[in-house]
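Reviewing the structure listed below.
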Amino acid sequence: MTPLKAKDVYDLLKTVPEGQVTTYGDLARALGHPNAARAIGQIMNKNPDPFVVPCHRVVAWDGGIGGYAFGIKMKKEILQKEGLAFNEDTIVDFEKKRAKLKREK
DNA sequence: GCCATGGCTAGTA
DNA sequence: GCCATGGCTAGTA
């Protein structure tokens, strides 16, 4: 299996529009690495450019917030600003907000 | 040897 | 609540 490239993750993530989200596992599967969810999280943590790569739009598989380099509180605020609603720490209507990823390669 | 995950079990109510 | 997974990095040789 070809290695997972950070650039591929970022490129795919950039296709997720404002107001929608994706998950660590979805990104992993779309790139042909069904078990690399955790590696995706680590790649997000090293995000070179938070203003270009919308890593705040990557959440946990169950609609939970996941993590964020600048704190999950800020992540939540940004997502709310982009139009998502929360019930406690879970995204409301998560399945409807979940982006359909275009499979790469 | 660390984790910004996720899936599966054991054990309680 | 445990642990497999996979990419990264600190720290030793």
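A, B, ... follow the sequence lines: proteins, then strands. Residue 1 opens every chain. Note that this is a predicted model, so its numbers are computed, not measured.
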Nearest whole angstrom, please: distance from the [atom2] of [N] to the [atom1] of [X].
{"X": "A/Q42", "N": "C/dT9", "atom1": "CD", "atom2": "P", "result": "8 Å"}
{"X": "A/M44", "N": "B/dA4", "atom1": "CE", "atom2": "C1'", "result": "9 Å"}
{"X": "A/L13", "N": "B/dA4", "atom1": "CG", "atom2": "P", "result": "17 Å"}

Got more than 12 heavy atoms from elsewhere within 6.0 Å of CD, A/E95?
->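 Yes, because the 6.0 Å sphere around CD of A/E95 holds more than 12 heavy atoms from other groups.
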For residues 63-73 of chain A, which residues have at least one heavy atom under 4.0 Å from DNA chain B?
->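 Contacts with DNA chain B under 4.0 Å: A/G67, A/Y68, A/A69.
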Name the nucleic acid region contacted by A/I40, choosing base, sugar-phosphate or nothing; use a 4.0 angstrom heavy-atom cut-off, strictly under.
->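 Answer is nothing: A/I40 stays at 4.0 Å or more from every strand.
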State whether A/F86 and A/K76 meet the cation-pi test: NZ (Lys) or CZ (Arg) under 6.0 Å from the six-membered ring centroid, and within 45° of the perpendicular axis.
->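 Yes, a cation-pi geometry holds between A/K76 and A/F86.
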Sole candidate of A/Q20, A/K97, A/E18 that passes side chain to side chain contact (heavy atoms under 4.5 Å, CB included) when paired with A/L84 =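 The single option meeting the side chain to side chain contact (heavy atoms under 4.5 Å, CB included) with A/L84 is A/K97.
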Nearest 0.5 Å, what's the [atom1]-[atom2] distance between [X] and [Y]?
{"X": "A/C55", "Y": "A/D49", "atom1": "SG", "atom2": "CG", "value": "9.5 Å"}
{"X": "A/D8", "Y": "A/H33", "atom1": "CG", "atom2": "NE2", "value": "8.5 Å"}
{"X": "A/L27", "Y": "A/L13", "atom1": "CG", "atom2": "CG", "value": "6.0 Å"}
{"X": "A/Y24", "Y": "A/I43", "atom1": "OH", "atom2": "CD1", "value": "12.0 Å"}
{"X": "A/K46", "Y": "A/Y10", "atom1": "NZ", "atom2": "OH", "value": "9.0 Å"}
{"X": "A/Y68", "Y": "A/K73", "atom1": "OH", "atom2": "NZ", "value": "14.5 Å"}

Dot-bracket for DNA chain B, please, read 5' to 3', with Watson-Crick or G-U wobble pairs under 3.5 Å on both distances, ( ) within the strand, [ ] crossing, | other strand, . unpaired.
-> |||.||||.....
Listed pairs, N/O of protein and of nucleotides 6-8 of chain B, under 3.5 Å:
{"unit_1": "B/dG6", "atom_1": "OP1", "unit_2": "A/G25", "atom_2": "N", "d": "2.7"}
{"unit_1": "B/dG6", "atom_1": "OP2", "unit_2": "A/W61", "atom_2": "N", "d": "2.9"}

Side chain to side chain contact (heavy atoms under 4.5 Å, CB included) between A/H56 and A/M74, intermediate numbers included = CA-CA 9 Å; A/H56 60 277; A/M74 179 164 299; over 6 Å; no
